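Report on the structure given below.
Hydrogens, waters and symmetry mates play no part in the numbers below; they use all other heavy atoms, side chains included. We name chains A, B, ... by the order of the sequence lines, and we start the count at 1 in each one. On a predicted model such as this, the values are computed, not experimentally measured, just so you know.
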2 protein chains.
Amino acid sequence: MTDYVTLLKENDLKATFQRMNILDVIDKSGHMSVESIYEAVSKVHPSISLATIYKNIVLMMEKGVLVEVPISGRKSKYELAKMDHIHLVCTECGDVEDKPCIEATDKVFKDLSMQEHFKLHKRQVNLYGVCESCQAKIAS
Amino acid sequence: MTDYVTLLKENDLKATFQRMNILDVIDKSGHMSVESIYEAVSKVHPSISLATIYKNIVLMMEKGVLVEVPISGRKSKYELAKMDHIHLVCTECGDVEDKPCIEATDKVFKDLSMQEHFKLHKRQVNLYGVCESCQAKIAS
DNA sequence: TTAAATGCAAAAAATTTGCAGACGT
DNA sequence: ACGTCTGCAAATTTTTTGCATTTAA
């Protein structure tokens, strides 16, 4: 259980209940769209406004607390900023699963950037396919 | 110069001027947002409607002629479907550059998917950083 | 000739903004 | 107490839809 108060304060953000709830639902689910964040937070904080969700997503992204995960064919999802990793994106259910980065590919990307005189900051690897549980559903 | 008539017909789409212009501006620029496609096509075909751009992006994506390139912090761009490749995305100017995939990383992703029982269809690798020309601008 | 595509205008959906009051520090 | 944050409502932006007309095949 992360300490959201500290996380927010370290990033010059006031620790409001709204923000902590947003971080909490994202952390629990892993990756969420604006709409699903709104729905989930509304359950524990029914008076929250959609505008507050939007404002905070923007703010927390600027502060580096949240990261956008843009997904082909769907709305972007948001995750807590964490170690670089690979996304397995299910094209059936839209679910996103994290897998650790592999050193070998990291080195390749770093070398490529170097060679292109490209100042690399961040990598985003999305692998699109069908997750195990959707394969089972399709088969049946 | 690609033969857009053939490309469209092979994919069960009528070869309209609107479509060929859309494909042409995307091909020339490499990667374009909806808005920039509209602006560019409007220059050679002033009567085109934005709704036509939207309808055709959806259709051509369904037919596999176009591919969406979702980008963190910006609007999605669209490119012609082509061999898998890596995107260098400049966080300053938003430009996207293609670089060939590297076999070593491909194999790693394939192995990872296999191991996770994930039916891999498509890979999308975005490297975010600052392109050479923006580095020069910043330095000056 | 005919099914599909376009363009318009209107509708719907998504996101942003301004501001008064509430709240964290 | 102060400056930031929230929630509301309104505005703006983005995307989709329906329909009459046009067009490619």
Exercise. Quick one: does A/E10's side chain have a donor or acceptor within less than 3.5 Å of a partner on A/V5's backbone?
Worked result: no
For this session: Using atom CG of A/N56 as one end and atom C1' of D/dT6 as the other, report the distance to the nearest whole Å.
Result: 9 Å
Seminar exercise, completed: Taken to the nearest whole Å, CG/A/L8 to P/C/dG24 is 13 Å
For this session: Please state how far atom CG in B/L50 lies from atom C1' in C/dA11, giving the value in whole angstrom units.
Result: 15 Å
Exercise. Is A/T16 touching bases, backbone alone, or none of the nucleic acid, heavy atoms closer than 4.0 Å?
Worked result: sugar-phosphate
Problem set entry | Atom pair distance, as rounded to whole Å: CD1 in B/I53 and P in D/dT15 | 12 Å
Seminar exercise, completed: Hits for side-chain contact (heavy atoms from CB on, under 4.5 Å) against B/T16, two or more places apart or cross-chain, chain-then-number order -> B/K14, B/Q18, B/R19
Exercise. Which of residues 67-78 of chain B have a heavy atom under 4.0 Å from DNA chain D?
Worked result: B/K75
Exercise. Does D/dA24 have OP1 or OP2 sitting under 4.0 Å from an N or O in the side chain of B/R19?
Worked result: no
Seminar exercise, completed: A/S36 meets the side chain to side chain donor-acceptor pair (under 3.5 Å) criterion, sequence neighbours left out, with A/S33
Exercise. When you check the phosphate oxygens OP1 and OP2 of D/dA25, does a side-chain N or O of B/K9 lie under 4.0 Å from one of them?
Worked result: yes
Seminar exercise, completed: In short, ring-ring contact (aromatic ring centres under 6.0 Å, His included) pairs touching residues 63-100 of chain B with sequence neighbours left out are B/H31-B/H87, B/H85-B/H87
Exercise. Does A/Q18 make a side-chain N or O approach to OP1 or OP2 of D/dG7 shorter than 4.0 Å?
Worked result: yes
For this session: Kindly write out the residues that satisfy salt bridge (Lys or Arg N to Asp or Glu O under 4.0 Å) with B/K107, not counting sequence neighbours, or none if the list is empty.
Result: B/D111
For this session: Can you sort out the partners of B/D84 under side chain to side chain donor-acceptor pair (under 3.5 Å), two or more places apart, ordered by chain and number?
Result: B/R123
Seminar exercise, completed: Taken to the nearest whole Å, CG/A/L13 to C1'/D/dT4 is 10 Å
Problem set entry | Length of the line joining B/K14:NZ and D/dT23:P, which is rounded to integer Å | 12 Å
For this session: Round to a whole Å and report the spacing from NE2 of A/H45 to C1' of D/dT6.
Result: 8 Å
For this session: Measure the distance from CD1 on B/I37 to P on D/dT14 and round it to the nearest whole Å.
Result: 14 Å
For this session: Check whether any side-chain nitrogen or oxygen of B/S49 sits under 4.0 Å from OP1 or OP2 of C/dT6, and answer yes or no.
Result: no
